[in-house]
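I'd like to ask you about the structure that follows.
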Amino acid sequence: MERRIMQMLDKVEVPQETSRRAEELLMRELLGEGLEEHLNEGEEEMHTSISLEHRRENKMKRFIGTSVAAAAGLAIMVGTTMHTGVKREKHTTVVTTQKPVVTNEFLEDLKGGKVYELKEGTNYIDLDLDGTKEAIYVETKSSEFSHKPYTIKLGEQVIKGEVDHEEGIQVRAAVLTKEKDSVQIMFTSEYGSDDCKTQIYNYENGALVKVGTVAENVELINPKSDGSFRINQPGGPLGEWKTSLVELVENENSDVEVSGRYRIEEKDQFQEEHPFEYQIRALQNVKMYASMDRNSKQKIGFAKGQSGKTLKVINNRWLYVENSKGQRGYLEITPTDFLIDGKVVNGWDVFEGLPYAG
C-alpha cells in the first residue's frame with residue numbers, strides 16, 4: 001500500500017518552490033517514523049524544528065487502516081497547498097544557563113521579620129536577594145551518643161561540628177540587616193541546659209561569613225521588621241537573667257574576630273527600676289547606704305548570718321534591700337558584683353540566696 005501511495009504522490013504536480021515542503025508535510029502525515037528514510041542531511045535540521053514527535057505513534061497505528069480514498073483526500077490537500085503556498089516559519093532554539101528564579105513565598109516574609117526553617121537535605125534560598133537561589137545542604141548524622149555530628153554545606157564550603165540536641169542541628173534563615181540586602185543563616189551549636197550558643201553567618205561573595213554568636217536558642221529568635229531581636233541570657237544584676245537587643249551593624253574592622261561586612265552588636269536593655277525579690281542571708285557584715293549616694297550615711301546593715309530580702313534594682317547600680325528588723329537601705333552593685341568600701345566583692349561572698357549564689 002505504501003508503494004501505491006508513493007506512486008500517487010509522484011503524479012501530483014506542484015510548483016517547485018512549494019513541492020518540496022508540501023511533499024514533506026504529506027509524508028509526515030502518512031509515514032510517521034519512516035520519514036527519516038526520505039530526508040537527506042540537509043533536511044535533518046528542518047525535521048527537528050517541528051514538534052510532531054508526540055503524534056507519530058498514533059499516525060503509524062492509523063496508517064495500516066488508511067484507505068485509498070483517504071490518500072486521495074490528502075492529495076487534494078497538497079493541491080490546495082500548491083495554490084496557496086507554504087509559509088515558512090523561522091524556528092529559533094534558545095539555550096539558557098541562568099539559575100532558576102526564586103519563587104519561594106517565604107522570601108518577602110523574611111524581609112518582614114519572619115524566620116524560615118531549613119530542612120535536612122538540600123534547601124534552595126536566594127541568599128543575596130539577586131533573584132536566583134543558592135543550594136544549602138544540611139545533614140545530621142545519627143549517633144548513639146548525645147552529641148550528633150552535623151554538616152552545613154554551601155558549594156565547596158563545609159561547616160562541621162557536633163550538637164547536643166536530640167533532633168540534630170536546627171538551622172534557620174532570616175533577614176537581620178536594616179538594609180534588607182542579604183539573608184543570614186543561624187543555627188544553635190550548643191544547648192547545654194539552656195545555656196545556648198547560636199552562630200550567625202552572613203552570605204558574602206559566594207560564602208557564609210560568621211558575624212557573631214549569641215546566647216539564645218535559635219528557635220526563640222524572633223526578628224522585628226528592622227532585623228533586630230531581643231534575647232534573654234545570664235549576666236544580669238547579681239546573676240539575674242538580662243534582656244539584650246541584638247543588631248547586625250557594619251563591622252568597620254572593630255571586631256578582629258569578624259572579617260565580614262557585618263558584626264553582631266548587643267545592647268543591654270535594663271529598666272531604670274525593676275523588681276528583684278530574693279530571700280537572702282548575710283555571709284559577712286554589710287553596711288547599707290541611707291540613699292543612692294556612696295557619700296550618704298552607713299549606720300545600718302546586716303550582721304553576719306542575719307537574714308533579709310532584696311526588693312528591687314535601680315539604674316542597674318543600686319540594690320534596695322531590707323534586713324530581718326525591717327530596716328531598709330541601698331547597696332552599690334555592678335551588673336555582677338557588690339562594691340563594698342571601694343572594692344569589688346563577688347556576690348556569693350556577700351549574701352546567700354542570690355540568683356547565682358544559690
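Numbers here simply count residues along the sequence, with the first being 1.
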* To do: Provide the full list of ring pair (Phe, Tyr, Trp, His ring centres under 6.0 Å) pairs with a residue in residues 295-314, sequence neighbours left out, each pair given once.
  =>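 Qualifying pairs: Phe302-Phe351.
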* Would you mind listing every ring pair (Phe, Tyr, Trp, His ring centres under 6.0 Å) that reaches into residues 169-189, with sequence neighbours excluded? =>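 Sorted result for residues 169-189: Tyr150-Phe187, Phe187-Tyr201.
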* Asked: Who are the side chain to side chain contact (heavy atoms under 4.5 Å, CB included) partners of Thr243, not counting sequence neighbours?
  ->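 Thr243: side chain to side chain contact (heavy atoms under 4.5 Å, CB included) contacts with Arg230, Asn232, Gln269.
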* Excluding sequence neighbours, so at least two apart, what forms ring pair (Phe, Tyr, Trp, His ring centres under 6.0 Å) with Tyr262? ->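 Scan of Tyr262 (ring pair (Phe, Tyr, Trp, His ring centres under 6.0 Å), adjacent residues dropped) gives none.
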* To do: Please name all residues satisfying side chain to side chain donor-acceptor pair (under 3.5 Å) with Glu120, sequence neighbours left out, ordered by chain then number.
  =>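 Partners of Glu120 by the side chain to side chain donor-acceptor pair (under 3.5 Å) criterion, ordered by chain and then number, come out as Thr140.
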* Partners of Lys153 by salt bridge (Lys or Arg N to Asp or Glu O under 4.0 Å), sequence neighbours excluded? ->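 Scan of Lys153 (salt bridge (Lys or Arg N to Asp or Glu O under 4.0 Å), adjacent residues dropped) gives none.
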* By side chain to side chain contact (heavy atoms under 4.5 Å, CB included) - contacts of Thr336 (at least two apart) ->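 Counting only residues at least two positions away or on another chain, Thr336 forms a side chain to side chain contact (heavy atoms under 4.5 Å, CB included) with Thr334.
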* Partners of Lys325 by side chain to side chain contact (heavy atoms under 4.5 Å, CB included), sequence neighbours excluded? ->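 Partners of Lys325 under the side chain to side chain contact (heavy atoms under 4.5 Å, CB included) test: Gln306, Asn323, Gln327.
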* Asked: Hydrophobic clusters join Ile, Leu, Val, Met, Phe, Trp and Tyr when side-chain heavy atoms are under 4.5 Å apart, directly or via other members; which others share one with Ile314?
  ->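 Tyr289, Met292, Leu311, Trp318, Tyr320, Tyr330, listed by chain and number.
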* Asked: In the hydrophobic cluster built from side-chain contacts under 4.5 Å, what are the other members alongside Leu283?
  ->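 When side chains under 4.5 Å apart are linked, Leu283 ends up in no cluster with other residues.
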* Could you give all pairs that pass the ring pair (Phe, Tyr, Trp, His ring centres under 6.0 Å) test and reach residues 159-183, with sequence neighbours left out? ->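 Sorted result for residues 159-183: His165-Tyr191.
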* List for me each residue that meets side chain to side chain contact (heavy atoms under 4.5 Å, CB included) alongside Val209, sequence neighbours excluded, and say none if there are none. =>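 Expected list: Glu204, Ser259.
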